[in-house]
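Numbered from 1 within each chain, the chains take letters A, B, ... in sequence-line order.
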2 protein chains.
Amino acid sequence: MSLDRVTKEHRVESVERALSILEAFSDRRRNLALSELADETGLYKSTILRLASSLERYGYLRRDDASRFRLGPSLWRLGSIYRQDFGLGEHIRPVLRRLVTATGETASFYVLEMDERLCLYRENSPNSVRHHLEEGSRLSLDRGAAGHVLRAYGAGSGNAQQLLRPDGGCISVGERNPDIAAVAAPVHDRDGALHGALAVSGLRSRFDAERRTHALELVLEACRELGTVA
Amino acid sequence: MSLDRVTKEHRVESVERALSILEAFSDRRRNLALSELADETGLYKSTILRLASSLERYGYLRRDDASRFRLGPSLWRLGSIYRQDFGLGEHIRPVLRRLVTATGETASFYVLEMDERLCLYRENSPNSVRHHLEEGSRLSLDRGAAGHVLRAYGAGSGNAQQLLRPDGGCISVGERNPDIAAVAAPVHDRDGALHGALAVSGLRSRFDAERRTHALELVLEACRELGTVA
DNA sequence: CAATCCGGTTCTGTCCAGTAGAACGCACAT
DNA sequence: ATGTGCGTTCTACTGGACAGAACCGGATTG
């Protein structure tokens with residue numbers, strides 16, 4: 001009987017213990033002491049040291065001069081391969097940059113992963129000093145224009161359709177962050193399947209209704225352009 | 001007795017088996033069949049399926065509609081945290097972009113990891129159509145201006161010092177790729193420790209001796225600027 | 001049409017890999 | 001001098017993980 005692979009019973013407990021060590025890190029917690037890892041994962045320190053030794057050997061973890069653990073270079077290397085698999089290569093940054101220039105706001109590209117969105121590319125606006133979000137960030141799908149777009153086109157969520165405009169894009173104001181407004185639209189690949197969502201976002205005080213409408217036009221046009229290379 | 005951590009005997013074989021599955025992927029081989037993974041890793045297919053189940057569950061691997069394995073989103077997310085740890089945030093892309101604009105060539109930032117260099121940031125020149133190198137790429141240290149710089153300042157290699165210019169930078173022509181010339185210089189952090197190397201590279205037919213000298217001046221200036229934020 | 005091949009999946013007896021958790025050493029605080 | 005907390009080492013014990021055969025289904029070949 002063929003179970004769904006992700007939920008199937010097969011598992012290797014040691015591997016999942018090791019991965020749970022890696023999962024303890026976040027952009028707010030980029031280095032951790034042994035005791036902190038023990039607290040976070042519930043693993044014994046001796047267990048962590050053994051697992052960490054293997055992770056270090058393969059470059060997934062490292063230890064700094066103060067014996068604190070940090071994530072290792074193999075993650076960046078393999079993560080970059082994951083991103084390359086979306087096939088946007090050298091095309092997306094110029095497109096994002098044009099959007100930044102034309103709108104004065106930050107431009108991003110998100111993909112749908114499970115029940116979240118993941119930021120693959122981001123070009124910050126020189127104007128946005130406290131709009132801090134990094135490539136690699138995970139965000140929810142239930143707030144923000146890009147979340148609605150990914151939910152509507154990719155996750156088959158009926159209610160997200162209602163949040164879309166007739167042109168297929170979406171505008172949100174102060175949903176994920178009260179001060180931020182965003183516009184987004186879907187990028188489809190040649191087969192018509194959802195590839196990701198292109199978004200422009202900025203402080204709502206500057207990114208007003210008129211500018212949002214104009215930005216969405218530019219985003220929709222950029223999505224059509226990206227759709228020809230995906 | 002305190003052994004060097006990376007070479008110490010402790011290891012968890014199952015974890016290293018799982019990681020060897022991830023290591024089978026590269027930018028040239030972004031999706032693999034079960035049999036290909038078996039060939040590449042030497043593991044039994046049943047072993048791979050068990051290990052892969054855990055990797056999938058944590059988002060490190062996924063399977064597409066054709067049952068081929070691909071790297072998963074967790075690698076991009078954690079890899080981005082690794083890159084953030086270098087603290088270059090929003091400062092480096094504008095610096096790289098200025099170098100691209102001023103020189104007409106591609107600009108990159110590399111860090112030293114073990115006995116290799118790893119590309120963390122890259123801004124491609126619109127001119128360079130076949131100068132294909134991605135963020136995340138690993139390169140050797142023994143060829144190319146950036147490799148020499150990282151070896152000289154970070155790996156304590158005596159002979160690399162000789163390849164440096166009096167101003168601390170380096171120029172290379174056709175070392176790693178016969179058609180490519182590059183200039184590079186070190187970025188130090190506030191403590192004076194090596195942070196990474198900034199490089200500009202392009203086709204040697206266009207990136208001639210005069211332009212390289214000028215580019216190196218700009219790179220050295222940019223390195224000083226980046227040194228104040230690292 | 002039957003036989004063969006190949007890739008992916010399932011199953012289970014066996015064994016040793018991996019864990020739990022105590023003990024230890026060291027630095028720092030009281 | 002004593003107590004605390006962190007990181008490291010050690011080992012008896014157990015169940016996690018593997019090897020590898022068997023199976024299934026689709027594609028190919030004769």
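- The distance from atom CD of B:E56 to atom C1' of C:dG8 is 13 Å, rounded to the nearest whole Å.
- Between the CG atom of A:L34 and the C1' atom of C:dG25 there is a distance of 15 Å, given to the nearest Å.
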Using a cut-off of 4.0 Å between protein heavy atoms and nucleotide atoms, how would you tag nucleotides 17-24 of chain C 5' to 3' with B, S and -?
-SBBB---
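- Atom CZ in B:R68 sits about 11 Å away from atom P in C:dG7, given to the nearest Å.
- Judged as a side chain to side chain contact (heavy atoms under 4.5 Å, CB included), and not counting sequence neighbours, the contacts of A:A66 are A:D64, A:R68.
- Legend: salt bridge (Lys or Arg N to Asp or Glu O under 4.0 Å) pairs involving residues 20-32 of chain B, not counting sequence neighbours, sorted by first then second residue: A:R77-B:E23, A:D85-B:R30, B:R29-B:E40.
- Rounded to an integer number of Å, the gap from B:E36 CD to C:dC6 C1' is 13 Å.
- Residue B:L49 contributes atom CG, which lies 13 Å from atom C1' of C:dC11 at whole-angstrom precision.
- The side chain to side chain donor-acceptor pair (under 3.5 Å) check on A:Y153 picks up nothing, with sequence neighbours excluded.
- Qualifying ring-ring contact (aromatic ring centres under 6.0 Å, His included) partners for A:Y82, counting only residues two or more places apart in sequence or in other chains: A:F86.
- The nearest whole Å value for the distance from the NE2 atom in A:H10 to the C1' atom in D:dG16 is 13 Å.
- In this structure, the CZ atom of B:F69 is 11 Å from the C1' atom of C:dT9, given to the nearest Å.
- Remark: the B:R122 side chain and the B:S108 side chain contain an N/O donor-acceptor pair separated by less than 3.5 Å.
- For the pair B:D39 CG and C:dC6 C1', the computed distance is 12 Å after rounding to whole Å.
- A:E221 pairs by the salt bridge (Lys or Arg N to Asp or Glu O under 4.0 Å) definition with nothing, not counting sequence neighbours.
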